[in-house]
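So the structure is just underneath, and the comments pick up after that.
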Amino acid sequence: MQKQYDFKKQELKWRKFWEKESLYKFNPKKSGKIFSIDTDPPTLSGKMHIGHVSSYTHEDIIARYHRMKGENVYFPFGVDCNGLPTERLVESINKITLFEIGRKKFIQLCQGTIKKVLPDFIAGWKRVGMSCDFSNVYSTISQEVQKISQEYFLELFEQNRVYEKESPTLFCPFCQTAIAQAEMEDKEKQTIFNDIEFKLEDGNKIIIATTRPELLASCVAIFVHPKDARYKNLIGKTAIVPIFGQKVKIFSDENVDKEKGTGIVMCCTFGDTTDLDWYFKYNLPLRVSITKQGKLNDLAGEFKGLPIKVARKMIIERLKEKGLIKSQKNINHSVNIHERCGTEVEIIPTRQWFIKYLDLKEQFLKQSDKLNWYPKYMKIRLDNWIRGLRWDWCVSRQRYFGIPIPVWYCKKCSKIILPSIKDLPVDPLHSKPSKKCSCGSNEFIPETDVLDTWATSSLSPQIALSLVKDKKIRQKIFPTSLRPQAHDIINFWLFYTLSRSYLHFKKLPWKDVFISGHVLDSKGEKMSKSKGNAVDPEAILEKYGTDAVRYWASQAGMGDDFRFNEEEIQQGKRTATKIWNASQFALMHLKNYSYKKTDGKLLEDEDKWIFTKLNQTIKEYTDRMDKYEYPRAKEIIDSFFWKDFCDNYLEIIKSRAYEPENKNTLKAVQFTIYKVVLAILKLYAPFMPFVTEEVYQGYFQKTEKTKSIHLTLLPVIEKELNFPKIVPDFELVIDAISQIRKYKSENRLSMKAELESVSIKTKDKQRIKKYLPLISKLMSVKEIKLV
RNA sequence: GGGCGUAUGGCUCAGUUGGUUAGAGCGCUAUCCUCACACGAUAGAGGUCGAUGGUUCGAGUCCAUCUACGCCCACCA
């Protein structure tokens, strides 16, 4: 008999089988409650990482569980091919830059490259055993999705929720695009804190500390703290900015930190978000001295054209020449960088499109209240984020590869022209409005900006829905039952989807939200390519098999970051092997058995005991799974399978199975094995879909008829097979066996060594009596004395 | 600075509404090649539950304070 379960062969075999049979294809006609999942479309990147493996395993376990509960599971799959990450990928694969080949060619290249890499990319998700409907994968850049995204954009336009405005915007000079608040990250950087001397009109001098002297040309005001005794007399006076000479007023504001620098701060348009606040609060003049390219402009006079960092050096040099730098020190401070490229973010007034939602904070908070959060405490993160919002949602990006903003401007009267819905999707660059402008002009300027990726992925429930043709079913799918996602994008994807759903439907997009954590390295540190501690999922899957890796992943509870742990994967592999081995052994005794329900009446006490234990297991397992507590459910089935079934039940019934005293006792064993093994396989199936399928197909499929274990229903508690009274009696038996095992172990005897006589302690001499023959046979003891 | 979370044997984690000797797996030690499985079995050693104080007849489990770590947000002149 084969002693090793060959996972490699089996996993490939069953993956092919599932795909060929369209096992997970959504069937709108199937009866039963619909369980719909707003699957997170992974961002198209070269390869999946280990974090994907874990979070997608989590949602797949949930999906498989609900499918086996008899629900009609809608589990779509999509890939986010939109925007900057794809541009970057395409550039690196093709070893070109978009500037070299131009917009039109670049977009074509993107589309071509996506086609090429997508199948391999998706294959990763198939490999981890995802039970999505892969027959109908969406891409966020497809024509269909473009239509959806543009249509909802137009809807917001009609609601007066979309506007365009020249406004100070978070801008990435490297990516050449506006970005959203959520796209910023902090980074500690070393810089120089310069104490610079300013002259006052009255001839006095003040010292201002700044890390950004290159912005002197943009200085529009100076601030001190209203309660700073040192500078009370400065308030209201006028200072002269060195080098550039503009005169600026000195104000007082609570936001000034007295302890920082000299306690006097210059306000530039714009150095940071505080400057922005002051700009609006005190209605300060606008003096922009840096360009979108991150260079100084005309306002900077002789420094014009210099990149920010170079200009900083030059201006410091100039100040030094003039003796205006009083001191310098190195400090570490954190700056806002663009999370996609690491460039320091600037605030530059540009014309952008916004979705107006700042007025809806209260409503969003209410929506958050109504949502079922798993785990509960993640809600606070969203609420904090909503409360802290300061900007409307900037949805325009000055990028090439994305969904175009469906807008033209009349060349003559500048009016905004929208396409009609039936013409969507449109690319204003390559098409024209179907009608003349109301002013009579037939010439238009196309909008060249594209939509922010999140403006589209925030419609993921609608996108997923669009794959289903039947309208009635669509109504049942939305709001979806579940949104699974990781905690790092609560402020992005979760928030944006929730807000879009409110704007368009005044509804929650989902009933439940399930948040999963991150995978850390074995030391508990974040994995990253630069650190070199990232684990390659492919190598791990290759080494241990998918079931084993899923076993590891399923130890992470909701919301918890957890460590990569190769030992736990090994444990998963052992479990898969044990399932396979125990099944082979158990099923060996069913060779000439055909399952009959009436055999359930022939049960002996150990059979009744294992059935009762099974029922307890089913109950606890189901309770946990319903609350998305799959790690506990896994432990429950582990313990039942390994301890109760393998270590005890199978040992106890061996003699009955090998040398039965009569037909009935054998039938009872066979009946029990049949039902319990099948139940174990089913309970493990959401976690370890491959090995359970292998065993099911090798035996049970013939009798159960269902095409795959993954389409079967979970075992339920059968009243006629529940004998709670047996359990305490049998605990005595297990205890007695354990005592004899201990005696043999301590005396270095083999477990099969024969003993003349042994004494065991028991709580209840009367009740254990009837089991003494069983114990003595199992443990090869001639006489058992009760103490 | 605001918020959230976590701290239980060497490691990874359970411990539900406070109640008798704190659990599991891995690792470790010893024994057993027991006719499914040595990726196995049996047994054993090993924690007083981050710290301090409090509530209580009784606290890992509630309260307060503190410490360490992680994350989110703000600041970052």
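Values in this document were obtained by computation on a predicted structure and should not be read as measured data. In what follows, chains are A, B, ... by sequence order, proteins preceding strands, each numbered from 1.
For A:Arg212, no side-chain nitrogen or oxygen approaches OP1 or OP2 of B:A77 to under 4.0 Å. For A:Trp642 and B:A41, the shortest distance from a side-chain N or O to OP1 or OP2 is below 4.0 Å. OP1 or OP2 of B:G25 lies within a sub-4.0 Å distance of a side-chain N or O belonging to A:Lys643. Side-chain N/O atoms of A:His487 include none lying less than 4.0 angstrom from OP1 or OP2 on B:C71. One finds a side-chain N or O of A:Thr211 lying less than 4.0 angstrom from the OP1 or OP2 phosphate oxygen of B:A77. For A:Lys744, no side-chain nitrogen or oxygen approaches OP1 or OP2 of B:C32 to under 4.0 Å. Put simply, A:Asn565 has no side-chain N or O that comes within less than 4.0 Å of OP1 or OP2 on B:C11. Checking the phosphate oxygens (OP1, OP2) of B:A41, a side-chain nitrogen or oxygen of A:Lys578 falls inside 4.0 Å. Distances shorter than 4.0 Å separate some side-chain N or O of A:Ser738 from OP1 or OP2 on B:A43.
Distance noted for atom P between B:U8 and B:G50: 6 Å (whole Å). The gap from the P atom of B:C76 to that of B:U67 amounts to 26 Å, rounded to the nearest Å. Nucleotides B:G47 and B:A22, compared at atom P, are 12 Å apart to the nearest Å. On the P atoms, B:G60 is 16 Å away from B:U17, given to the nearest whole Å. The gap from the P atom of B:G2 to that of B:U16 amounts to 30 Å, rounded to the nearest Å. Spacing between B:C71 and B:C13 at atom P, rounded to whole Å, works out to 15 Å. Taking the P atom of each, B:U48 and B:G9 are spaced 8 Å apart, rounded to whole Å. Spacing between B:A24 and B:U65 at atom P, rounded to whole Å, works out to 36 Å.
A:Cys646 comes within contact range of at least one nucleobase, with a heavy-atom separation under 4.0 Å. Residue-level contact check: A:Glu651 touches the bases, meaning some heavy atom is under 4.0 Å from a base atom. Within the 4.0 angstrom heavy-atom criterion, only backbone atoms of the sugar-phosphate kind lie near A:Ala209; the bases stay farther away.
Checked for salt-bridge contact, A:Asp607 and A:Arg656 meet the test: a charged N lies under 4.0 Å from a carboxylate O. With respect to the salt-bridge test (charged N to carboxylate O, under 4.0 angstrom), the residues A:Glu11 and A:Lys8 do not qualify.
Within the 3.5 Å criterion, the main-chain N or O of A:Leu683 finds a donor-acceptor partner in the side chain of A:Tyr621.
Only one option out of A:Lys573, A:Arg574, A:Glu567 pairs with A:Gln571 in a side chain to side chain donor-acceptor pair (under 3.5 Å); it is A:Arg574.
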